[in-house]
Amino acid sequence: MDKNQATGLFLISALLLAYLFFFAPKAPKDKPAAKPTTTAAAKSATSAPVAPLDSATAARTLGTFAVAAQGTAQQVQLQNENLTVTFSTKGGRVEAVRLNKYKTFFGQPFDLIDSQSAQLDTRFRTTDGRTVKLSDLYFQPTGGAQPVTEGEQKGQRLTFAADVAGGRIEQVYTLLDNSFQLAYNLHFTGLNNVLAQEPLTFTFTDRVRQTEQDRKQNRNHSTINHYLASGDRGELVEASEKPEEVKIAEPLKWAAHKHDFFVAGIIAENQFGNGQFNSVITDEDPTFIKTLTSTLTIPAADVEQGKANFRFYFGPNSFNILKDVAPEFDRNVYLGWGFFRWINRFIVIPVFHFLEQFISSYGIIIALLVLLIKLVTWPLTYKTYVSQARMKVLKPELDQIKEKFGDDQAKVQSETMKLYSSMGVSPLSGCVPTLLTLPILFAMFSFFPNSIELRQEHFLWAKDLSSYDVFIKLPFNLKWYGDHVSMFTLMMTASTLLMTWQSNQLNTAMQGPMKFYSYLMPIIFLFVLNSYAAGLTWYYFVSNVITFGQQFITRRFVDDTKLRAQLEANKIKNKDKKPSGFQARLAEAMKAAQEREAEAKKPGQSRPKGNK
């Protein structure tokens, strides 16, 4: 590896660090994390019934709707193999959602929302200027959960009704078997004279619980995404330490609260009028990490005509599931930006899921994924090694140039380029293959921390491949490193340093600062990646091991004597040939630099004084 290749390697590493700094989520400063309280404790703390409004207060506040303000809150459930949805008759609304097939990192049942952490409510205005919330009213579940069939799918339907102001409010929920979606219809009948002709307001306040090992990642990956009827997408800044707010003054199709690996979202079959989204970091209670609030307007005409149809999605943040929920809903799975997302979507994910069909260990799946990628990119790796071998063969000539021109670096570079041109060697031939593999490198940084397939998957000593592995828990916290030792990161760093040493042994042209930088970058990554997903650092360790094997095999096919003969033949062939393309432009630039340097070394001449 010569100076040009070393510079290229340094720039690639710098690009990677820049990517991690600017595009990877930045962790806000946290208070020490505490183990979340159990779900049972949370429910017991809020199980006390809320006293209804007294008749006088209800009449003053709700007017003709006060008749439904008296009652006792009861709980009713709809359940399938994926979800247990609990409703409250006070408001006829969703009170809690449990994901039956998942648990938190701490081994507790996974309640995506519950009465302590979330509140869903709808309010509307009356013609006499009052504001009424559905949570002010008591609804009756008419007949309990009823079986229903839609097409070939079976499920259950639950209807809540309240007779008020000479009319009726109905809320109908439908949960089909083996689904993560809850259909919802809101219908006002006979209330045209008392309902103000202005949009209703749906509000979803969501205090996100810590459910994963890494509190910072759990927080930084929690946000609100939304999709406009025009086809544009938007989101709140995930890792902001300041309160975030976005106001949308045009119709929307859906909004989703993303909880790292899970989503609670609402999709309009028609559309919402407009929306507002807020995010605030929560530090008062260590159980919660962030508060998300979505406020969406529902056209009054839709409610009156029975067209206010929606679907709630409560489930995993899995690309293969979300892509069938609604347009662009799969964007809740962050797979990187631009070209990197396409690599993950059309290459990494399909290969990953194909291997899942035959192999149960995700650590082995990752190793096989590395092997497949290495086999596909082997021609590029081979070209890089051949380029390094050519530089090694040219070492005697390069040493002669350095000895002849000493400290005149401009002349050294100029003569070096002439040598490369005459021998048919490109100084970038070793860097370009590495640059071509860079998109895969960046894609993996997005895939592993956001892949729910790796969540809570054990491998060797790692308890969760989507989070960092804890081989040793430190009794203190080191800045830039953390409070734990990730063995996969240590293995990756050690193997990278070994590769670097081996490369420098083969390429003795690597000297001075560039040699120092080649060893510095792996040390930097030791700190940067200590808290990254174990699946990612395991991936890079396996990648290094396979690269060692590739280099061993490649050496058996690269003969220095034959390479030397080929370069000598190129020298004869290019004897009278002028440089072209990049080499010509580079030679011209070096020549200009030499002329400027020579001009600067000339003794200065005194300027003649002008006549006064």
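Keep in mind that this is a model prediction, so the values were computed, not measured.
Under 3.5 Å, the side chains of Asn278 and Glu245 contain a donor-acceptor pair of N or O atoms. With hydrogens and angles left out, the side-chain atoms of Gln456 and Gln213 include no donor and acceptor closer than 3.5 Å. If you check the side chains of Asp469 and Ser486, you find a donor sitting under 3.5 Å from an acceptor. Looking at Arg168 and Thr189, their side chains never bring a donor and an acceptor atom within 3.5 Å of each other. Neither side chain, Ser318 nor Asn320, offers a donor N or O lying under 3.5 Å from an acceptor on the other. Using modelled atom types, one finds a donor on one side chain and an acceptor on the other under 3.5 Å when comparing Thr86 with Gln77. With 3.5 Å as the limit, one finds no donor-acceptor pair spanning the side chains of Asn317 and Asn332. With hydrogens and angles left out, the side-chain atoms of Gln74 and Thr89 include no donor and acceptor closer than 3.5 Å. Looking at His257 and Asn225, their side chains never bring a donor and an acceptor atom within 3.5 Å of each other. Between the side chains of Asn193 and Thr127, no donor N or O sits under 3.5 Å from an acceptor N or O.
Without hydrogens or angle criteria, Asn82 side chain to Asn100 main chain gives no donor-acceptor distance under 3.5 Å. Judged by distance alone, the side chain of Lys290 and the main-chain N or O of Ser222 form a donor-acceptor pair under 3.5 Å. Side chain of Arg215 to backbone of Pro286: a donor-acceptor contact under 3.5 angstrom is found.
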Acceptor/donor pairs from residues 145-154 side chains to any protein atom, 3.5 angstrom cut, sequence neighbours excluded:
{"residue": "Gln146", "atom": "NE2", "partner": "Gly143", "partner atom": "O", "Å": "2.5"}
{"residue": "Glu150", "atom": "OE2", "partner": "Arg157", "partner atom": "NH2", "Å": "2.9"}

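Heavy atoms of other residues, nucleotides or ligands lying less than 6.0 angstrom from CZ of Phe346 number more than 12. Residue Asp163 places its CG atom among more than 12 non-hydrogen atoms of other residues, nucleotides or ligands, all under 6.0 Å distant.
Here the shortest heavy-atom pairing between Ser451 and Ser466 reads O-CB, 4.2 Å. The nearest pair of heavy atoms linking His458 to Lys463 is CD2-O, 3.2 Å. Of all heavy-atom pairs between Ser467 and Asp214, the closest is OG-CB, 3.8 Å. Residues Phe65 and Leu137 share a closest heavy-atom pair of O-CD2, 3.6 Å. The two atoms that bring His221 and Pro449 nearest to each other are CE1-O, 3.8 Å, heavy atoms only. Shown here for Leu175 and Ser179, the closest heavy-atom pair between the two residues is CD1-O, 4.3 Å.
Annotation: ring pair (Phe, Tyr, Trp, His ring centres under 6.0 Å) contacts of His484 (sequence neighbours excluded): Tyr468. Applying the salt bridge (Lys or Arg N to Asp or Glu O under 4.0 Å) criterion to Lys101, with sequence neighbours excluded, gives Glu81. Remark: Asp177 engages no residue in a salt bridge (Lys or Arg N to Asp or Glu O under 4.0 Å) (not counting sequence neighbours). Shown here are the salt bridge (Lys or Arg N to Asp or Glu O under 4.0 Å) partners of Lys242, two or more places apart in sequence or in another chain: there are none. Remark: Phe202 pairs with no residue by the ring pair (Phe, Tyr, Trp, His ring centres under 6.0 Å) rule, at least two apart or across chains. Not counting sequence neighbours, Glu356 has no partner by the salt bridge (Lys or Arg N to Asp or Glu O under 4.0 Å) test. Looking at residues two or more places apart in sequence or on another chain, you find no ring pair (Phe, Tyr, Trp, His ring centres under 6.0 Å) involving Phe319. Listed by chain and residue number, Tyr184, Phe314 satisfy the ring pair (Phe, Tyr, Trp, His ring centres under 6.0 Å) test with Phe312 (two or more places apart in sequence, or in another chain).
Under the 6.0 Å distance and 45° angle rule, Arg207 counts as a cation-pi partner of Phe288. The cationic atom of Lys90 (NZ for Lys, CZ for Arg) lies less than 6.0 Å from the six-membered ring centre of Tyr138 and within 45° of the ring axis.
With respect to Gln171, the side chain to side chain contact (heavy atoms under 4.5 Å, CB included) criterion is satisfied by exactly one of Leu134, Thr159, Thr122: Leu134. Applying the ring-ring contact (aromatic ring centres under 6.0 Å, His included) test between Phe262 and each of Phe110, Tyr313, Phe180 identifies Phe110 as the sole match.
Considering only heavy atoms from C-beta on, Val348 comes within 4.5 Å of Leu369 through its side chain. Using a 4.5 Å heavy-atom cutoff, the side chains of Tyr362 and Phe352 are in contact. The closest side-chain heavy-atom distance from Met444 to Phe448 is below 4.5 Å. Using a 4.5 Å cut-off on side-chain heavy atoms (C-beta onward), Phe105 and Asp464 make contact.
Under the salt bridge (Lys or Arg N to Asp or Glu O under 4.0 Å) criterion, the residue pairs touching residues 267-281 are Glu269-Arg311, with sequence neighbours excluded. A salt bridge (Lys or Arg N to Asp or Glu O under 4.0 Å) check over residues 252-268, counting only residues at least two apart or in different chains, returns the pairs Glu238-Lys258. Within the structure, the salt bridge (Lys or Arg N to Asp or Glu O under 4.0 Å) test picks out the following pairs touching residues 443-459 (sequence neighbours left out): Glu212-Arg455.
Note on ring orientation: taking the six-membered ring where Trp is involved, the planes of Phe459 and Trp538 are tilted (angle from 30° to 60°).
Comment: Asp111 does not engage Arg209 in a salt bridge, judged by the lack of any side-chain N to carboxylate O separation of less than 4.0 angstrom.
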How far apart are the C-alpha atoms of Arg130 and Asp136, what are their side-chain angles, what is the distance that settles it, and do they pass the salt bridge (charged side-chain N to carboxylate O under 4.0 Å, His left out) test?
CA-CA 13 Å; Arg130 289 181 170 88; Asp136 293 330; over 6 Å; no
